[in-house]
A.B. asks: 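Here it is, the structure in full.
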Amino acid sequence: KLEHFSKNKTLQNDWTEMKARNKKALIDWAKTNLDLHLSADMLFDAIVLPVQHSPHNLILIFYLLQRYLFIKELPSYGRKSIIPRAIIIGDSPQKETDYSQKIRSVLINIVEMINADEDLLTHLRIVYIPDFTYEHTKMLIPAADIFENIPSPREN
């Protein structure tokens, strides 16, 4: 049912312009609020999850490290084939436990390490939003190229 839209140039142009405006708004927000410089050419990969006692948090940490080390080990000519990526993490804190505080601390340290690496400025940036709210959602979803919302596990 969507196939007939694939040839609609007006729709494609409108979509591209809308995406560019929303990415620019997020880029401006990150620069103003986090002093973090992003590029509209980056793939915006948004992940929203509560940092708590959950395997999702460890998977996210390993993903960030794997992505960082993969790009870091590539020679400069190999990096040209990598799509630049901004990983945007929205943390919506739930119940604070010792475990969630430790996981959050590890996550923040990894984010700071990656963002401080000037060798990867144009290849990988991490945007960490600690108190993710509905207002952030309204800005993030229209700007994201990939959006993952990982719900909190229910307690029995």
Side-chain angles (χ1 to χ4, degrees), residues 2-3 5-7 9 11-93 99-132 136-152:
L2 297 175
E3 189 174 346
F5 290 112
S6 67
K7 294 181 177 59
K9 295 296 179 192
L11 176 66
Q12 291 173 10
N13 290 336
D14 289 348
W15 180 268
T16 301
E17 289 173 17
M18 180 267 314
K19 183 60 81 173
R21 280 192 312 273
N22 290 319
K23 277 190 164 190
K24 181 172 181 344
L26 182 58
I27 290 167
D28 292 345
W29 182 89
K31 184 176 181 183
T32 301
N33 293 284
L34 304 172
D35 195 29
L36 190 61
H37 301 275
L38 304 175
S39 165
D41 296 330
M42 293 179 147
L43 178 97
F44 283 18
D45 183 356
I47 302 167
V48 176
L49 77 161
V51 174
Q52 60 185 15
H53 188 80
S54 165
H56 296 114
N57 303 119
L58 293 175
I59 292 168
L60 174 61
I61 287 169
F62 290 137
Y63 169 67
L64 295 175
L65 287 172
Q66 180 277 337
R67 192 81 199 148
Y68 172 74
L69 293 172
F70 173 76
I71 297 170
K72 189 76 175 162
E73 291 173 359
L74 283 175
S76 59
Y77 63 85
R79 291 182 188 175
K80 292 177 183 172
S81 65
I82 297 294
I83 296 171
R85 184 177 299 243
I87 301 172
I88 302 123
I89 302 167
D91 180 8
S92 53
Y99 181 82
S100 65
Q101 288 174 348
K102 289 175 185 171
I103 289 291
R104 187 172 287 107
S105 177
V106 168
L107 179 61
I108 291 169
N109 285 331
I110 291 169
V111 167
E112 289 172 351
M113 174 193 72
I114 292 171
N115 287 338
D117 191 334
E118 294 190 14
D119 192 34
L120 298 184
L121 282 176
T122 60
H123 300 289
L124 183 63
R125 296 288 88 199
I126 312 297
V127 178
Y128 176 73
I129 305 171
D131 294 313
F132 195 79
H136 295 111
T137 303
K138 292 191 306 188
M139 171 184 58
L140 183 57
I141 290 176
D145 297 302
I146 301 170
F147 184 80
E148 305 165 60
N149 184 20
I150 301 169
S152 4

A.B. asks: State, to 0.1 Å, how close L121 and N115 come at their nearest heavy-atom pair, and which atoms those are.
C.D. replies: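 Distance-wise, the nearest heavy atoms are CD2-O, 4.5 Å.
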A.B. asks: Can you pull out every side-chain hydrogen bond (donor to acceptor under 3.5 Å, both in side chains) where at least one residue sits in residues 60-70? Sequence neighbours excluded, please.
C.D. replies: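 Sorted result for residues 60-70: D45-Y63, Y63-R85, Y68-D117.
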A.B. asks: Identify every side-chain donor-acceptor pair in residues 137-146 under 3.5 Å, counting partners at least two apart or on other chains, and give the distances.
C.D. replies:
unit_1, atom_1, unit_2, atom_2, d
T137, OG1, T133, O, 3.2
K138, NZ, E135, OE1, 3.2
K138, NZ, E135, OE2, 3.2
D145, OD2, K23, NZ, 2.9
D145, OD2, F44, N, 2.8

A.B. asks: side-chain contact (heavy atoms from CB on, under 4.5 Å) with V106: which of I110, N109, I108?
C.D. replies: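 The passing option is I110.
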A.B. asks: Is a donor on one side and an acceptor on the other found under 3.5 Å between the side chain of R125 and the backbone of I114?
C.D. replies: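 Yes; at least one donor-acceptor contact below 3.5 Å.
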A.B. asks: Tell me, with the steps shown, if I129 and V48 meet side-chain contact (heavy atoms from CB on, under 4.5 Å).
C.D. replies: CA-CA 9 Å; I129 305 171; V48 176; over 6 Å; no
A.B. asks: To the nearest 0.5 Å, tell me how far L120 CG sits from T122 OG1.
C.D. replies: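 Taking CG in L120 and OG1 in T122, the distance rounds to 8.0 Å.
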A.B. asks: Nearest 0.5 Å please: distance from the CG atom of L60 over to the CG atom of L64.
C.D. replies: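 Those atoms lie 4.5 Å apart.
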A.B. asks: Without placing hydrogens or testing angles, list every side-chain donor-acceptor pair under 3.5 Å for residues 74-81, not counting sequence neighbours.
C.D. replies:
unit_1, atom_1, unit_2, atom_2, d
R79, NE, I71, O, 3.1
R79, NE, L74, O, 3.2
R79, NH1, D119, O, 3.3
R79, NH1, D119, OD1, 3.2
R79, NH1, D119, OD2, 3.0
R79, NH2, I71, O, 3.4
R79, NH2, K72, O, 2.9
R79, NH2, D119, OD2, 3.1
S81, OG, G78, O, 2.8

A.B. asks: When rounded to the nearest 0.5 angstrom, what distance separates CG in N57 from CZ in R104?
C.D. replies: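 Nearest 0.5 Å value for the CG-CZ distance: 8.5 Å.
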A.B. asks: Without placing hydrogens or testing angles, list every side-chain donor-acceptor pair under 3.5 Å for residues 32-41, not counting sequence neighbours.
C.D. replies:
unit_1, atom_1, unit_2, atom_2, d
T32, OG1, D28, O, 3.0
N33, ND2, W29, O, 3.0
S39, OG, D41, N, 3.1

A.B. asks: Can you list every pair that meets ring-ring contact (aromatic ring centres under 6.0 Å, His included) and has a residue in residues 106-127, with sequence neighbours left out?
C.D. replies: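 Found none.
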A.B. asks: For Q12, give me all partners under side-chain contact (heavy atoms from CB on, under 4.5 Å), at least two apart in sequence or on another chain.
C.D. replies: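 Q12: side-chain contact (heavy atoms from CB on, under 4.5 Å) contacts with K9.
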A.B. asks: For I83, does the CD1 atom sit with more than 12 other heavy atoms under 6.0 Å from it, leaving out its own atoms?
C.D. replies: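 For I83, atom CD1 is not crowded (no more than 12 foreign heavy atoms under 6.0 Å).
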A.B. asks: Applying the side-chain contact (heavy atoms from CB on, under 4.5 Å) test to L107, which of D91, I89, L58 qualifies?
C.D. replies: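 When D91, I89, L58 are each tested with L107, the side-chain contact (heavy atoms from CB on, under 4.5 Å) holds only for I89.
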A.B. asks: Evaluate I88 against L26 for side-chain contact (heavy atoms from CB on, under 4.5 Å), listing each step before the verdict.
C.D. replies: CA-CA 10 Å; I88 302 123; L26 182 58; 4.0 Å; yes
